[in-house]
Student: 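To start, I am sharing the structure in question, which I have written as structure tokens.
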Amino acid sequence: MKKTKFLVLLVLLMFGLKGFSQNKITGTVKDTAGNILAGAVVTIKSEHSNAILSYGTADIDGHFSVAISTDALNLVISVLHLGYKTFDKKITNTSQNISITLEESIEALKEVVVTSYNIEKKGDTLSYSVSAFKDQKDRTIADVLKKMPGIEVLSNGQILYMGNAIEKYYIEGMDLLEGRYNLANDNISADDVSKVQILENHQPIKVLDSLVFSDKTSLNIKLKNNVSVTGSAEIGGGFSPVLFKTNITPLVFTKRSQALVSYQYNNTGNDLSRSNNDFSTSDNLTTGFDAVRKNILSLRQLSQPPFLGARWLDNNDHLANINYLYRIKNATDLKINLSYLNGSRMDHGSRNTTYITQNDTINYGENIDNILFLNSLNSKFTIERNQSKSYLLNTFVANTFWDSQRGTIINDNLDVSQQLSNPYLLLTNKLKIIKPIGKQLITFDSSSGYTDTEQELTVLPGQFEEILNDGQDYESNRQGTRLSTFFTENTVGFTKKLGAFTISPKAGLAYKHQKLTSDLQKTFDGNQTQIDGDYQNDLQLANPNLFITNHLNFKKDRWTIVLKSPLYLRYFKTDHKISSQQQTLRRLNFEPDLTITKKLSPYWEASVRGNIENRYGEIDNLFDGYMLKNYLSLVRYNSTLGEQTNYASSLSIKYRNALKALFATATFGLTKNENNLLYNSSIADNGSLIIESIERDNEVTAQSVNFNVSKYFSKTKTTLTLNSRFSFSERPQIVNGTFGSFKSTDQRYDVDVKSEIAKWFGIGASSRLTVARLQSTNDQFSAIKNLESSIATFFYLSDHQFLNIDAEHYYNNIGTSKNNNYFLNFSYQFTVNKYNLDTKIAWNNVLNTKNYISAFNGQFFSSENFYKLRPSQFLITFKFSL
Amino acid sequence: MPNKKVFSLFFLIFNVAVFAQKKIKTDFKYKVTYSLQYTLDSTQLDSGKSEYMVLFLGDDFSSFSSRAKLFKNSVVVKGNTASTSNESITAFPAVILKNPKENYLAYTLQIVDDYFYYEQPSNLFDWKIHDEIKDIKGYAAQKATTTYSGRDYIAWFTTDIPISDGPFKFNGLPGLIIEISDTQNHYSFTLYAFEKLEPPVSFTINLKQYVLTTKEKLLEVQYRYRQDPFTYANNPNVKITPEVHQAYIKAFTEMLEKENNPIEKD
């Protein structure tokens, strides 16, 4: 009612000032059935004109009131409402009340239909045009991309859009490098690019376009010219010792083909084995076979420091890359990607380990010197046919590694030298076909592969004289082992949307066959003999799987429900040729995974998740003959196939108030793992370790709580983040024949402040405190406290100059031992426009800190690590475009 | 005492659900397309830009937004056919909901994953009707003028389409506004199409899921986001080097400084 009064007042005000006589026409509007017609428009015209003099609207009760200020004698009142015939009536210019009834009408309104839209001239499409973002010091397209709205380039080269990894990185619509796009991104000269297209909701498979919605984003790099030769080169040097790095990457693009060739070298701590990083977001296999390389035998290595390789990685890496794509007719691409890596790494340092057994505490020190040689050739051949009627992708991969390592361990009592050769071969073929069958699009996936590794570890002198040589010293051990695996997985499935539900059922068959052999030799008095019996392995594991899975997605209103419901029929057969042990196992597993999320209000969101999963032992923890896995460990698993059932549940509550820039999350998690095996670790006085598995049902439980709060202060442009985590876990373990329950309690607290105080100055500081406590039924281990603090300052001296100073402090405390590490680093960058050259000067480890010291607790040991760092070093790098 | 805390937490979580009743449901029966010519940078008046804007009309509610917003909606356009392109980019990301019968207007805005809105009465305009009549695309349109938020406007409405609505926040005339422009011609909406939706398109919006705020506060948040989306998003998985971050803020601040000529001047 108030609104109407206001409206009336408004109308009065509008027309009241004219000084004409004020007449008021009031009334109600109804339809023929007597229903009120709110919103009906009432207009008053003079008798002889089409121009409206005054007007009103029927309110919710159907009432209208129109004030008239004209001296015309006769007026026409018209009442209009969508879907009704217009009511027209001649009236006299006097105040009056009229009841109006409108008749329904089927007459359509006159339409103006669009035939086509003109090109819109929109605001600066800042997200597309490279020139809008590029400034003089930007050399490569990566430099420009980093600045584009929503796009982030992580330090490892991965590109994120709105926080999510991008799906494809196209150059002129072609996907030359797939997930290894950082090679192109880091090297295409920004000057050769005209546009970067952000393809939101991009569905790369044409046959799925407009059928399967994609929430992924891809990027397309548009070049200025049809035929482009681009690329970049970098050269740098420094001391001490002599440092050198180089990178030459030319690229050639034509309409039909693309090529990228690259050579890189450095001894400055940049790990080139990682520059092959593949950021593909492709889906994994259902049965979870991963072709990840496994080292069965190893040298004892040191744990690596948690900071940039330039400060610790003592490397010498060469990497060559050849990538070629050719587009033939029928939207078919052929691709070859080859890369060859040759490198070496040095590992220097020492480790003090304290083993705690029932009766004793054993201290064991090692000075470790390792050198690792890497040598590998990776090749990939791809054919992709992407048509609107069907899709085919076949990828064949052949990767060969000829790696070897050697090292020495020295302490008061011994001087051990070790040698390991660990070559590895991987062959895989993946085929994906999407074809319409009837009205449904069916996806076929087939993946098969073969891996083979033949490893050999030599330890000199022999370390297990009690067990292996009747207590007498002997010269050496040589452990040989070979593991080969064949696997195949074939699935068929489809996706369908039914209202708020999306279902994706899939059925498949997988088969895996593995063969592991090993033998142990010793050399005593110049005679090399094979140790028989318990020290040999020849076993096979066959594992066929049948499965049906479904992925159900429900999204409506404030609810999101995701249910994965795979059903597996698993069969395992193990055959130990030497011990004549055989085992067969058949399991039917239902492994549901349910996540329910509800948005409680604009600020609060709650989600719960629960899942069940089964895991089975792999062949490399199934062998029943001892293997010398490293110079200190003899391991065997003389038991049945490991079976583990994991139950996990979590609850998380999120608060997000963007108005106040305040965000908070709390997460509670509970997990329980039921196992059929326990591991017995026997530790001898010389630190040597024998691990055996024992059949005994047991469970491991863990609980954790996480809190995260962050707040942005607009006035000081500062973000403050607080994090804490508490976790508690309990697991049984047998050490030296005694059964014990180990409880570990961990606490972690983080504080982080970032501030862009002024245009020329920014600062970031963070600190992390962790406290780890381990406790067994019998023993209390000393707690480990770690405190890491860092402060980084940034000075933006001018558009072409940038200075960065970092300081770090690492502190740890275990028992009575306290360690402090301090670091200081400088880096200064400037661009010389005249010569089109970027120059970067870095001075790392200014304080020349020698070691990085870390400490951690295991179930029956605590350990302190000293890792030898790169000395104080100075490096100057020039980068220019080709 | 702890009970009280738990209670207040629950209260905090559920209070919005208890008090607000803001679920809007309507069927859109007509679609009006306007062509908008605009100038965001008053120092470069010849740099006129254009965009298509869309007004959907239902019995109770109307919804006004850039046509680009339609491409953002996965239900309207699937796959990469349109949402991938320039077409989904807009200088006007807001969606304006109007219900003149209830004298209600809601200005809604999505920023990343946050949804905001502020409310206003819809009768914001003090219209003066003039005698002039002209033909616009076959509709008889009459002239009306008003002053709003620092600009004088000339509007043309038609009773041929008896719906008291219009582009942007404009409404309150006895018929659809099919042309409206400020006297400086910085913002000018002209009718491009008027179509009946057959069948009607059902529309639901639950403002309970939106953060209710004020116009001033919303402008502040929007500015904060556009100047530094990186800090705004607060995604712990996203890392950026401080050097790039600074360059980034600088570029956005410069861009925002150029946008000195918004449609609403106050």
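Residue numbers begin at 1 in each chain, while the letters A, B, ... track the order of the sequences. Just the heavy atoms: all of them, side chains too, but no hydrogens, waters or symmetry mates, feed the values below.
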Student: In terms of side-chain heavy atoms, does Asn99(B) have a donor or acceptor partner in Asp60(B) at a distance below 3.5 Å?
Tutor: no
Student: Heavy-atom pairs under 4.5 Å with chain B: which of Leu82(A), Thr43(A), Val41(A) has the most?
Tutor: Leu82(A)
Student: Please confirm whether the backbone N or O of Asp59(B) pairs with a side-chain atom of Lys101(B), one donor and one acceptor, at under 3.5 Å?
Tutor: yes
Student: Could you look at Val221(B) and say if it's the side chain, the backbone, both or neither that has a heavy atom under 4.5 Å from chain A?
Tutor: side chain
Student: Give a yes or no answer on whether the side chain of Arg67(B) reaches the backbone of Thr33(B) with a donor-acceptor pair at less than 3.5 Å.
Tutor: no
Student: At a heavy-atom distance under 4.5 Å, which candidate from Asn206(B), Ile163(B), Val32(B) has the highest pair count against chain A?
Tutor: Ile163(B)
Student: Considering only residues two or more places apart or on different chains, which pairs with a residue in residues 135-145 of chain B satisfy salt bridge (Lys or Arg N to Asp or Glu O under 4.0 Å)?
Tutor: Glu132(B)-Lys143(B)
Student: With sequence neighbours excluded, what pairs up with Ser164(B) under the side-chain hydrogen bond (donor to acceptor under 3.5 Å, both in side chains) test?
Tutor: none
Student: Do side-chain atoms of Gln142(B) reach the backbone of Ile129(B) as a donor and acceptor pair under 3.5 angstrom?
Tutor: no
Student: Answer with side chain, backbone, both or neither: which region of Gln209(B) has an atom nearer than 4.5 Å to a non-hydrogen atom of chain A?
Tutor: both
Student: Checking heavy atoms, do the side chain of Pro174(B), its backbone, both or neither come under 4.5 Å from chain A?
Tutor: both
Student: So what's closer than 4.5 Å to chain A heavy atoms on Leu173(B): side chain, backbone, both or neither?
Tutor: both
Student: Please state whether the side chain, the backbone, both or neither of Phe157(B) comes within less than 4.5 Å of a heavy atom of chain A.
Tutor: side chain
